[in-house]
Amino acid sequence: MLIMVIGLPGAGKKTHAKKLSQKYELIYVSSGKLLRKMAEHDTSLGTVVNRYIKRGQLVPDQITIRLIREEILKLKDKNMIIEGFPRNIKQTHSLERILYELETDIDLCIYLKVKKQKLVERLSGRRICPRECTIYHVEFRPPQKEGICDKCGASLYQRHDDKKDLIKEKINKNQKNIKEVISYYQNQEIFKTVVGTDKEIKEIQTKLEKLIENRPN
Ligand code: AMP
């Protein structure tokens, strides 16, 4: 099974993809996570990737596609949920080529749709656990003890690209790109849109689970 979760930054891709990966025993593949790991390396490539991530800009396709390609080919016929990729039309075409190589198809492409104003609210208050246990929000989903992860006790941090001045620019740039990805998939049976707001996380999750259980084929 291959599930894809796409959407703008702050739409809840990570939160939902992680929950679905646990429930359906899918391997969680996140382009952001893979790239952040690469950025930690003290190499010229790591430095380049780190620079893009810090500014909230897309890492060049050449680097991202190669990384995702290696990961998907490594996992081969395992069940997986891919989050954060593809983010533009070039990545979409590359993904299709990778899947063709593997003689496999996407079972479901879920687009988490959230209004821009809500994304800004979410991103500006977002706090991250360095061990990626859970994503918090200072107002909507605060940890029990301020600044501390409920699950592992690590100190939470604010992502550099979640700083107010970078958020709007990040959303605007991603918007144009994601529209092209949506256009590519939207007439296919596998494409489903879920509004990722106005409801509790649990309700959205239930909706997503239904989509997976009733997926085409
Ligand atoms: P995320 O964790 O998905 O918010 O991603 C963190 C950062 O990694 C993004 O702001 C980009 O700099 C980079 N990134 C993640 N996914 C992609 C992608 N598909 N293409 C290019 N850059 C990406």
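Everything numeric here is computed off the predicted structure, so don't read it as measured data. Indexing begins at 1, ligand by ligand and atom by atom, following the structure's order.
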Does [X] have a heavy atom less than 4.0 Å from any atom of ligand 1?
| X | value |
| --- | --- |
| K170 | no |
| R159 | yes |
| R36 | yes |

* To do: Could you tell me whether K33 and E71 make a salt bridge, using a distance below 4.0 angstrom between a side-chain N and a carboxylate O?
  => no
Looking only at side chains, do [X] and [Y] share a donor and an acceptor under 3.5 Å apart?
| X | Y | result |
| --- | --- | --- |
| E213 | Y24 | yes |
| K115 | T197 | no |
| E180 | N88 | no |

Residue and atom name of the nearest protein heavy atom (relative to [atom]), distance in Å to one decimal:
| atom | answer |
| --- | --- |
| atom 5 (O) of ligand 1 | G32 CA, 3.5 Å |
| atom 2 (O) of ligand 1 | K14 NZ, 2.6 Å |
| atom 7 (C) of ligand 1 | I53 CG1, 4.1 Å |
| atom 22 (N) of ligand 1 | V59 N, 3.0 Å |

* Only heavy atoms count here, so choose which of R55, R87, M38 is nearest to atom 15 (C) of ligand 1. =>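 Among R55, R87, M38, the closest heavy atom to atom 15 (C) of ligand 1 comes from R87.
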Hey, which atoms in ligand 1 end up nearer than 4.0 Å to a heavy atom of [X]?
| X | result |
| --- | --- |
| F85 | 19 (N) |
| T64 | 18 (C), 19 (N), 20 (N), 21 (C) |
| Q57 | 11 (C), 12 (O) |
| G84 | 16 (N), 18 (C), 19 (N) |

* **Contact check, side chains of D105 and I190, non-hydrogen atoms, under 4.5 Å** =>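 No - every pair of side-chain heavy atoms lies 4.5 Å or more apart.
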* To do: I would like to know whether N177 and R87 meet side chain to side chain contact (heavy atoms under 4.5 Å, CB included); could you show each step before the answer?
  => CA-CA 6 Å; N177 290 322; R87 255 177 159 101; 5.6 Å; no
Between [X] and ligand 1, which part of the residue brings a heavy atom under 4.0 Å of the ligand: side chain, backbone, both or neither?
| X | result |
| --- | --- |
| D161 | side chain |
| Q91 | side chain |
| L58 | both |
| L35 | side chain |

* Asked: With I148, which residues qualify under side chain to side chain contact (heavy atoms under 4.5 Å, CB included), at least two apart?
  -> K145, S155
* Asked: Are the side chain of R126 and the backbone N or O of L123 linked by a donor-acceptor pair below 3.5 Å?
  ->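 Between the backbone of L123 and the side chain of R126 there is no qualifying donor-acceptor contact (under 3.5 Å).
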* Nearest heavy-atom neighbours spanning S21 and I81 ->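 Looks like CB-CG2, 3.7 Å.
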* Structure fact -> Contacts of R127 meeting salt bridge (charged side-chain N to carboxylate O under 4.0 Å, His left out) (sequence neighbours excluded), chain-then-number -> none
